Amino acid sequence: MALPAYGWAATQPVVATSDPQQVAQGVVLYKQRCGACHDTPSRSLDEAPQLAGPAFTKKWLTRPAALLRKIRYSMPQNNPGTLKDVEASALVAALASGQISGQAPVK
Ligand code: HEC
């Protein structure tokens, strides 16, 4: 996978593991830091999209390094850059695990 030569994620191994502890940490973090926006049904394109389902899988789970950077640097949108590296990794693991379905049923 080609990574741009900048930023934290380019120099760290991408951790999208199925380590149960990491997934569990990510699920808790999601509830605390993400669900308020991402579990609310989106009414417009400005609102938070569901972080599950086929579109999300295709756009992001095929590119875990990009997902990690997106989360690490631009989320939570009301306080970006405040997650620790390990927290961003745990969130990627949780999203990849399929345990976070968001507001709508996953098709
Ligand atoms: C204050 C509301 C808010 C919070 C809290 C928030 N987000 Fe978001 N998020 C958004 C909005 C709005 C977008 C769409 C605009 C964008 O991509 O920046 C978005 C987009 C995303 C995307 C890209 C989705 C796509 O389909 O392109 C990801 C991934 C994401 N957020 C992850 C997270 C994670 C993980 C957290 C928790 C750490 C989080 N967000 C917390 C509002 C929020």
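Keep in mind that what you see is a predicted model, and the values were worked out from it rather than measured. In listed order, ligands and their atoms are each counted from 1. When reading the values below, keep in mind they use all heavy atoms of this one structure, side chains included, and skip hydrogens, waters and symmetry mates.
Close approach of ligand 1 to L67 (heavy-atom distance below 4.0 Å) involves ligand atoms 29 (C). Close contacts between ligand 1 and K59 involve ligand atoms 25 (C), 26 (O), 27 (O) [criterion: under 4.0 Å to a heavy atom]. With ligand atoms numbered from 1 in the order given, ligand 1 contributes 38 (C) to contacts under 4.0 Å with heavy atoms of L91. Heavy-atom proximity to R33, at under 4.0 Å, picks out these atoms of ligand 1: 5 (C), 37 (C), 38 (C), 41 (C). Within the listing of ligand 1, atoms 5 (C), 6 (C), 41 (C) sit less than 4.0 angstrom from a heavy atom of P76.
Between the OG atom of S89 and the CG atom of L29 there is a distance of 11.0 Å, given to the nearest 0.5 Å. In this structure, M75 CE and C34 SG are separated by 9.0 Å, a value rounded to the nearest 0.5 Å. Atom CG in L67 sits 9.0 Å away from atom CG in L91 (nearest 0.5 Å).
Counting heavy atoms under 4.0 Å from ligand 1, residue L51 touches it through the side chain alone. When non-hydrogen atoms are compared, ligand 1 lies under 4.0 Å from the side chain of W60 (C-beta onward) but not from its backbone. With a 4.0 Å cut-off on non-hydrogen atoms, L83 touches ligand 1 through its side chain and not its backbone. The part of P49 lying near ligand 1 is the side chain, judged by heavy-atom distances below 4.0 Å.
Considering each of C37, A90, A94, the one bringing a non-hydrogen atom nearest atom 3 (C) of ligand 1 is C37. When the heavy atoms of M75, Q50, K70 are ranked by distance to atom 19 (C) of ligand 1, first place goes to M75.
With 2.8 Å as the limit, H38 counts as an N, O or S neighbour of atom 8 (Fe) of ligand 1. Atom 8 (Fe) of ligand 1 does not have Q77 among its coordinating residues (no N/O/S atom, backbone or side chain, under 2.8 Å).
T82 and R33 are linked by a side-chain donor-acceptor pair at a separation below 3.5 angstrom, with hydrogens and angles left out of the test.
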Under the side-chain contact (heavy atoms from CB on, under 4.5 Å) rule, what do T57 and T62 come out as? Steps first, then yes or no, please. CA-CA 7 Å; T57 299; T62 54; 5.7 Å; no
Under the side-chain contact (heavy atoms from CB on, under 4.5 Å) rule, what do D85 and L68 come out as? Steps first, then yes or no, please. CA-CA 9 Å; D85 295 344; L68 188 63; over 6 Å; no
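Residue E47 places no N or O, backbone or side chain, under 3.5 Å from any N or O of ligand 1.
No side-chain donor-acceptor contact under 3.5 Å links Q25 to the backbone of Q22.
Between Q50 and F56, the closest heavy-atom pair is O-CB, 4.0 Å. What you find for V23 and A94 is that their closest heavy atoms are O-CB, 3.7 Å.
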